[in-house]
Protein chains: 2
Amino acid sequence: MVSPVRRLSVVLTVEEVAVTDLPETLTDRTAFLLQLALGRAQAMGEEVLVEVGISGREYGLLAVIAHLAPCSQITAARTLGIDRTTTVALVGGLEARGLLRRTPDPANRRANLVSLTDEGEQVRARAAEALAACDDRFLDPLDAPDRERLRALLGRLVAGGDPHTG
Amino acid sequence: MVSPVRRLSVVLTVEEVAVTDLPETLTDRTAFLLQLALGRAQAMGEEVLVEVGISGREYGLLAVIAHLAPCSQITAARTLGIDRTTTVALVGGLEARGLLRRTPDPANRRANLVSLTDEGEQVRARAAEALAACDDRFLDPLDAPDRERLRALLGRLVAGGDPHTG
DNA sequence: TATTGTTATACTCTATAACTATA
DNA sequence: TATAGTTATAGAGTATAACAATA
């Protein structure tokens, strides 16, 4: 949140400048730029979600369940690309807070069908709204056409594959 | 590495299609697209770095040290935006493998100056080459002008701030 | 024999606190 | 009083193995 090093207008030591002194061997890497951008976007997202009372991962799960419900726990997990063992605690936490429910699947007695409660849907909608505003702030340096270009370029990079990238 | 779910040309159950069935409430989020793109880019990067014998994090450190050397451990850490406690093991591991050296700073007896050994520089150069080829493959869906557009757009998003984004 | 959900376990990465030696 | 390096520790996130119930 607070950078331990700030640029000063009067005194600049070698170490104080160093923060912005990244080598081209890093800034030329697309992955490095993506990492910097994602770090910020995620930090902004988690910050606004605090008021809503959920995490970014939990929003992802609520969004997927709202889209696919009723679906099995494992379908939601695979769609997000997260492990089914991780999903247990994630779904359990949301269920304990009354945001989703697990109901036995009559057609497959191994599976739980997960779906949002009314409160869960309200929380999801509030989070979506907050995150949209957050995206606007994050994309502030770009005008509308450039935002669309960025989205299109990223979309082409991730298209056609599966989300299971570890 | 291997997706647990594959699309079949003959039989498609609900669960098998679900993998690509992401809601717009997620795909509209820039952070989500960045996360998908970064996940792939990083997986590809770590894969090619296995042959070089270092991790992505270690490459970052080697690249920064090559750029700033000789610099203190903490300067390298801050430039990368990683904690100084994390840096201890990271630098220690690279030192143990003979890729960098720590020498006491005569001007500041608290500090270690870190710099690459000859072997460290060779490893860094080989990694940089492998990662450049990796970037080419990652950006394969885009032609040269589009790659430049993406780089420029990402650059504008991350410009002006510090890398300490958690 | 494979799948769903679950627990237990371990491993990495990260974050905090505290200590030392310097400044 | 603050900084550089270090250790210890605790917390997330993730991954593997194994189990029960079911298909």
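In this model, no donor atom of one side chain and acceptor atom of the other lie less than 3.5 Å apart for A:Gln73 and A:Arg84.
A salt bridge between B:Arg151 and B:Glu148 is present, with a side-chain N of the basic residue lying under 4.0 Å from a carboxylate O of the acidic one. The existence of a salt bridge linking B:Asp146 and B:Arg149 is confirmed by a sub-4.0 Å separation between a basic side-chain nitrogen and an acidic carboxylate oxygen. Looking at B:Glu119 and B:Arg124, no side-chain N of the basic residue comes within less than 4.0 Å of a carboxylate O on the acidic one, giving no salt bridge. Between B:Glu58 and B:Arg97 there is a salt bridge, with a side-chain nitrogen of the basic residue lying less than 4.0 Å from a carboxylate oxygen of the acidic one. Note on A:Arg101 versus A:Asp118: no salt bridge recorded, every NZ/NE/NH1/NH2 to OD/OE distance being 4.0 Å or above.
Closest to the B:Arg109 side chain, of the nucleotides D:dT6, C:dT22, C:dG5, is C:dT22. For A:Val88, the side-chain atoms get nearest to C:dT7 when compared with the rest of D:dG5, C:dT14, C:dT7. Residue B:Ile74 has its side chain nearest to D:dG5 when only D:dG5, C:dT4, D:dT6 are considered. Nearest to the side chain of B:Asn108, among C:dC13, C:dA23, D:dG5, sits C:dA23. Side-chain atoms of A:Arg57 lie closest to D:dG13 of the nucleotides D:dG5, C:dT4, D:dG13.
Within the structure, a side-chain polar atom (N or O) of B:Arg102 is placed less than 4.0 Å from OP1 or OP2 of D:dT6.
Protein atom CD of A:Gln42 is 17 Å distant from nucleotide atom P of D:dA12, rounded to whole Å. Residue A:Asp83 contributes atom CG, which lies 12 Å from atom P of C:dG5 at whole-angstrom precision. The interatomic distance linking B:Glu58 (CD) with C:dT12 (P) rounds to 12 Å, in whole Å. Whole-Å rounding puts the A:Ile82 CD1 to D:dT16 P distance at 15 Å.
Between the side chain of A:Thr85 and the base of D:dT16 there is at least one donor-acceptor pair of N/O atoms closer than 3.5 Å. With hydrogens and angles left out, the side chain of A:Arg110 and the base of C:dT3 share a donor-acceptor pair within 3.5 Å.
Scanning residues 90-99 of chain B for heavy-atom distances under 4.0 Å to DNA chain D yields an empty list.
Two residues, A:Thr86 and A:Asp105, neighbour DNA chain D, and the one matched to the more 5' nucleotide by heavy-atom proximity is A:Thr86. Comparing A:Ser55 and A:Arg84, the nucleotide of DNA chain D nearest to each residue sits closer to the 5' end for A:Ser55.
Linking ILVMFWY residues whenever their side-chain heavy atoms come closer than 4.5 Å, directly or via other members, places B:Leu34 and A:Leu80 in the same cluster.
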